[in-house]
Amino acid sequence: MGSEPPGEDALVLPPVPLATGRLLRLDDESTVAVTAVELVVSTEDGAEHRIALVPRHGAWWPPDR
């Protein structure tokens with residue numbers, strides 16, 4: 001199976017926040033400050049592609065691309 005050119009099935013992130021907040025609650029109920037959020041996309045060839053989300057207005061947004 002060869003790779004297909006980008007088109008209607010290309011992965012697109014919506015122009016809305018994908019997460020909100022600045023603290024991550026751990027299993028022991030303590031919290032730690034969040035400094036970065038990434039979306040990890042795994043592809044059929046076994047590769048992983050990381051998309052760093054952008055902090056804006058207290059939320060984590062997809063990058064402008």
Side-chain angles (χ1 to χ4, degrees):
M1 177 180 261
S3 68
E4 298 177 23
E8 291 181 22
D9 287 339
L11 180 68
V12 176
L13 299 178
V16 297
L18 299 179
T20 61
R22 297 278 179 198
L23 298 174
L24 178 65
R25 187 177 314 272
L26 304 176
D27 291 339
D28 65 1
E29 298 301 317
S30 64
T31 57
V32 63
V34 175
T35 59
V37 176
E38 292 182 331
L39 175 66
V40 178
V41 178
S42 299
T43 56
E44 66 184 355
D45 62 359
E48 286 187 348
H49 304 271
R50 296 179 179 279
I51 301 170
L53 300 184
V54 179
R56 265 189 244 139
H57 312 293
W60 297 93
W61 295 73
D64 296 328
R65 291 194 214 189

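Note that the structure is a prediction, hence the values are computed from the model and not measured. Hydrogens, waters and symmetry mates play no part in the numbers below; they use all other heavy atoms, side chains included.
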Original post:
Taking atom CG of Leu39 and atom CG of Leu11, what is their separation to the nearest 0.5 Å?
Top reply: 7.5 Å
Subject >> Thr31 OG1 to Leu26 CG distance, which is reported to the nearest 0.5 Å >> reply: 7.5 Å
Subject >> Smallest separation among heavy atoms of Pro62 and Val16, with atom names >> reply: CD-O, 3.3 Å
**OP:** Indicate yes or no: at least one non-hydrogen side-chain atom of Arg22 is less than 4.5 angstrom from one of Val34.
**Re:** no
Suppose we screen for side chain to side chain contact (heavy atoms under 4.5 Å, CB included). Which residues come up paired with [X], at least two apart in sequence or across chains?
X     : value
Ala36 : none
Trp61 : Pro17, Arg56, Ala59
Glu29 : Arg25

**OP:** Would you check if the side chain of Trp60 reaches a backbone N or O of Ala52 as a donor-acceptor pair within less than 3.5 Å?
**Re:** no
Original post:
If Ile, Leu, Val, Met, Phe, Trp and Tyr residues are connected whenever their side-chain heavy atoms lie under 4.5 Å apart, and connections chain through other members, are Val32 and Val37 in the same group?
Top reply: yes
**OP:** Indicate if Leu13 and Val41 have the same hydrophobic cluster label, given that clusters are the connected sets of ILVMFWY residues with side-chain heavy-atom separations under 4.5 angstrom.
**Re:** yes
Original post:
Around atom CG of Asp28, are there more than 12 heavy atoms of other residues, nucleotides or ligands at under 6.0 Å?
Top reply: yes
